[in-house]
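Beneath this line is the structure, given in structure tokens, with notes to follow.
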Amino acid sequence: MNKAVFARMNGLGNRIIVADMRGRADTITPAAAIRLAGESETAFDQIMAIHDPKTPGTDHYIEIINCDGTQAQACGNGTRCVVQWLSRESARRNFTFETLAGILTANEHEDGLITVDMGKPHFGWQEIPLAHEVADTRAIDLAAGPADAPVLQSPSVASMGNPHAIFWVESDVWSYALDEYGPALEHDPIFPERANISIARVTSREAIDLRTWERGAGLTLACGSAACAAAVLGARTGRTGRSLTVNVPGGPLGIEWRDDDHVMMTGPAEWEFDGSFDPATGAWSRNASRGAA
């Protein structure tokens, strides 16, 4: 089958490949994703594969693939990249997408920033999901480090379409070895579908510093759904208000937990280069005639 068009993009450093799979019956294989992830120019955190819509009233179905070839339910930074891709080919600025996590809307503003409606958070242990009943998901029994002196403990947990655990800390988020603790916590038995693991420090009622070990991707410069989870859980635990800036390593994201329970995320997207690739094998070539906008 003919090769598909793709663009290497990023959302605050969160490395994204947007792949145009519209009008095709095939999908991107795990082997192709792993091959693309393994090459320096195409290394990514998520692939956002744009497919024809499955549900009436939606514009596209978006398949989200991690760099280990597994599927993800949600990717806010990647969704912003999809919006920029689509807005470049038409005058449209408002879109409705379907993902494994459900239906979401997004729009591009005049200044180039993009807002994604990330939907409603879920706090029930079965919704996240957790492996067993937990009475209060604002702080669960989970820790990392020595048993007699844990480095991280009692995270707040929620689902933003995918599972998140937020460990609240008092020190600089960079002072914790997240690359050491993240893998074990991601695969802890309490998370039957694994989890995104974040370290968060509240700097004011309107701001949080955040680092994330992303499920299926590892350390990332930005994770949009984690930023939403941290903002919502900060408000839920009384640490912050409902509208704030979440500072991730790649830059700031604006998060608002509206009164209708929807979480709105606003941030940029950046185009790097485009090309074509084989969805079955991952073999690719770069288009040298078109670069960043």
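Quick note: residue numbers are just sequence positions, from 1. Quick caveat: nothing in here was measured; it's all calculated off a predicted structure.
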*Within one Ile-Leu-Val-Met-Phe-Trp-Tyr cluster: Trp168 and Leu142, side-chain cutoff 4.5 Å*: no

*For the residue pair Glu98 and Thr55, confirm or rule out a side-chain donor-acceptor distance under 3.5 Å.*
yes

*Minimum heavy-atom distance between Arg211 and Pro249, given as atom pair plus value*: CG-CG, 4.1 Å

_Arg138 charged N/C atom sitting above Phe123 aromatic ring, 6.0 Å / 45°_ = no

*Modelled atom types, side-chain donor and acceptor of Glu270 and Asn10, under 3.5 Å*: yes

_With rounding to the nearest 0.5 angstrom, report the CD1 to CE distance, Ile28 to Met48._
11.0 Å

*Please walk me through it: do Glu214 and Gln46 pass side chain to side chain donor-acceptor pair (under 3.5 Å)?*
CA-CA 10 Å; Glu214 195 164 2; Gln46 276 79 37; 3.0 Å; yes

*Taking atom CG of Asp111 as the centre, does the number of heavy atoms from other residues, nucleotides or ligands within less than 6.0 Å exceed 12?*
yes

*Is there a side-chain contact (heavy atoms from CB on, under 4.5 Å) between Val263 and Ile255 once you walk through the steps?*
CA-CA 7 Å; Val263 182; Ile255 310 295; 3.7 Å; yes

*Would you indicate whether the side-chain heavy atoms of Asn162 and Asn196 approach each other to under 4.5 Å?*
yes

_Looking only at the side chains, is there a donor atom on one of Arg239 and Thr237 sitting less than 3.5 Å from an acceptor on the other?_
yes

*asked:* With clusters defined by side-chain heavy atoms of hydrophobic residues (ILVMFWY) lying less than 4.5 Å apart, directly or transitively, does Trp213 cluster with Val246?
replied: no

